[in-house]
Novice: 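Sharing a structure here in structure tokens format.
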Amino acid sequence: MKPIHHRHSVNVHIYPSPFEHESRILKITKSLADAGLFDTIYIFAIWKSGLQEEEPLDEIRKVIRIRVQYFAESDGVLFKVLKIAEWAWRIFKWLRAQKVQCVNCHSLSVLPLCAVLKIRHKAKLVYDTHELETETANSAGFRKLLAKMTERVLVPFIDKVVVVNSDIARWYQNHYRLEGKISI
């Protein structure tokens, strides 16, 4: 890829965790920073007590941990959905004045937010799956059906899918016909 020569280009990585030990995302963003593809790289995470809300990693990369205010102490599937929705809304608002060139989605649960950001900013969307989320042991019944529907509906918005191995690449190819869009 050629370096982007826009006025202050931004790359966004979104992962719904406190971002404490995510070495894969750190390696990816370090490679992007070293290649000079973006002026700024933001890694959006969920705030957790004891962690900085804004944590600079170097001159280009910064972790932004977003606090959830409503239902923060509540448990259950409904409250988890509401917390992710609030977190996503806060990220959307935080980025509204930024010139986002590329959004990297690191979880199926944030793919809807990432697709909205792609549309809002006319950005590229990279879906970095980390695993085959619709087929994991945690995914069963209604949760599995919802995950598959979400992914199927939003696949057309994805510009590139990054997977961890050739088996997952074949699965995505067989299920979504992503010619030329899959990287291992």
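Values reported hereafter were calculated over all heavy atoms of this structure, with side chains retained and with hydrogens, waters and symmetry mates removed.
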Novice: Applying salt bridge (charged side-chain N to carboxylate O under 4.0 Å, His left out), can you list everything that pairs with D34, at least two apart in sequence or on another chain?
Specialist: K30

Novice: Taking K93's backbone N and O only, do any of them form a donor-acceptor pair with W89's side chain (distance below 3.5 Å, no angle check)?
Specialist: no

Novice: Could you go through F19 and L26, starting from their C-alpha distance and side-chain angles, then the distance that decides it, and tell me whether this counts as side chain to side chain contact (heavy atoms under 4.5 Å, CB included)?
Specialist: CA-CA 10 Å; F19 203 82; L26 287 172; 3.7 Å; yes

Novice: Which heavy atom of S166 sits nearest to which heavy atom of I184, and what is that distance?
Specialist: CA-CD1, 3.6 Å

Novice: Restricting to non-hydrogen atoms, name the atom on S9 and the atom on D39 that form the minimum distance, rounded to 0.1 Å.
Specialist: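 The pair with the smallest heavy-atom distance is N-OD2, 2.8 Å.
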
Novice: Restricting to non-hydrogen atoms, name the atom on I168 and the atom on N165 that form the minimum distance, rounded to 0.1 Å.
Specialist: N-OD1, 2.8 Å

Novice: Which residue pairs pass the salt bridge (Lys or Arg N to Asp or Glu O under 4.0 Å) test when at least one of the two sits in residues 155-164, sequence neighbours left out?
Specialist: K118-D159

Novice: Which other residues belong to the hydrophobic cluster containing V162, where Ile, Leu, Val, Met, Phe, Trp and Tyr are joined when side-chain heavy atoms lie under 4.5 Å apart, directly or via other members?
Specialist: V126

Novice: Keeping to residues at least two apart or across chains, list the salt bridge (Lys or Arg N to Asp or Glu O under 4.0 Å) pairs with something in residues 8-29.
Specialist: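 Residue pairs with at least one partner in residues 8-29: E20-K48, R24-D128.
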
Novice: Closest approach of C102 and N104, non-hydrogen atoms and distance?
Specialist: SG-OD1, 3.5 Å

Novice: For the backbone of W171 and the side chain of H175, can you confirm whether one donor and one acceptor N or O come within less than 3.5 Å of each other?
Specialist: yes

Novice: Run through T29, T40, N11 and flag the one making a side-chain hydrogen bond (donor to acceptor under 3.5 Å, both in side chains) with R61.
Specialist: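 Exactly one pass, corresponding to T29.
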
Novice: Is the shortest heavy-atom distance from the side chain of V164 to the side chain of E131 under 4.5 Å?
Specialist: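 Result no, sub-4.5 Å side-chain heavy-atom pair not found.
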
Novice: Do any N or O atoms from the side chain of Q101 and from the backbone of A123 form a donor-acceptor pair under 3.5 angstrom?
Specialist: no

Novice: Where the side chain of R90 meets the backbone of V68, is there a donor-acceptor pair that is under 3.5 Å apart?
Specialist: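 Not a single qualifying donor-acceptor pair exists.
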
Novice: Show the nearest heavy-atom pair for residues S109 and P16, with the distance to one decimal.
Specialist: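 In this case the closest contact between S109 and P16 is OG-CG, 3.5 Å.
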
Novice: Where does the angle between the aromatic ring planes of F44 and Y42 fall among parallel (under 30°), tilted (30 to 60°) and perpendicular (over 60°)?
Specialist: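 Tilted: the ring planes of F44 and Y42 meet at 30° to 60°.
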
Novice: Any salt bridge (Lys or Arg N to Asp or Glu O under 4.0 Å) pairs touching residues 171-180, not counting sequence neighbours?
Specialist: none

Novice: Check salt bridge (charged side-chain N to carboxylate O under 4.0 Å, His left out) between R170 and all other residues, then give those that pass, not counting sequence neighbours.
Specialist: D167

Novice: If you measure from CD1 on I14 to CG on L113, what distance do you get to the nearest 0.5 Å?
Specialist: 4.5 Å

Novice: Do any N or O atoms from the side chain of E86 and from the backbone of Y70 form a donor-acceptor pair under 3.5 angstrom?
Specialist: yes

Novice: To the nearest 0.5 Å, how far apart are CD1 in I25 and NE2 in H106?
Specialist: 4.5 Å

Novice: Any side-chain heavy-atom pair from V110 and W87 closer than 4.5 angstrom?
Specialist: yes

Novice: Can you spot which of I182, I158, L178, V163 makes a side-chain contact (heavy atoms from CB on, under 4.5 Å) with Y127?
Specialist: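 Going through I182, I158, L178, V163 one by one, the side-chain contact (heavy atoms from CB on, under 4.5 Å) with Y127 is satisfied by I158 alone.
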
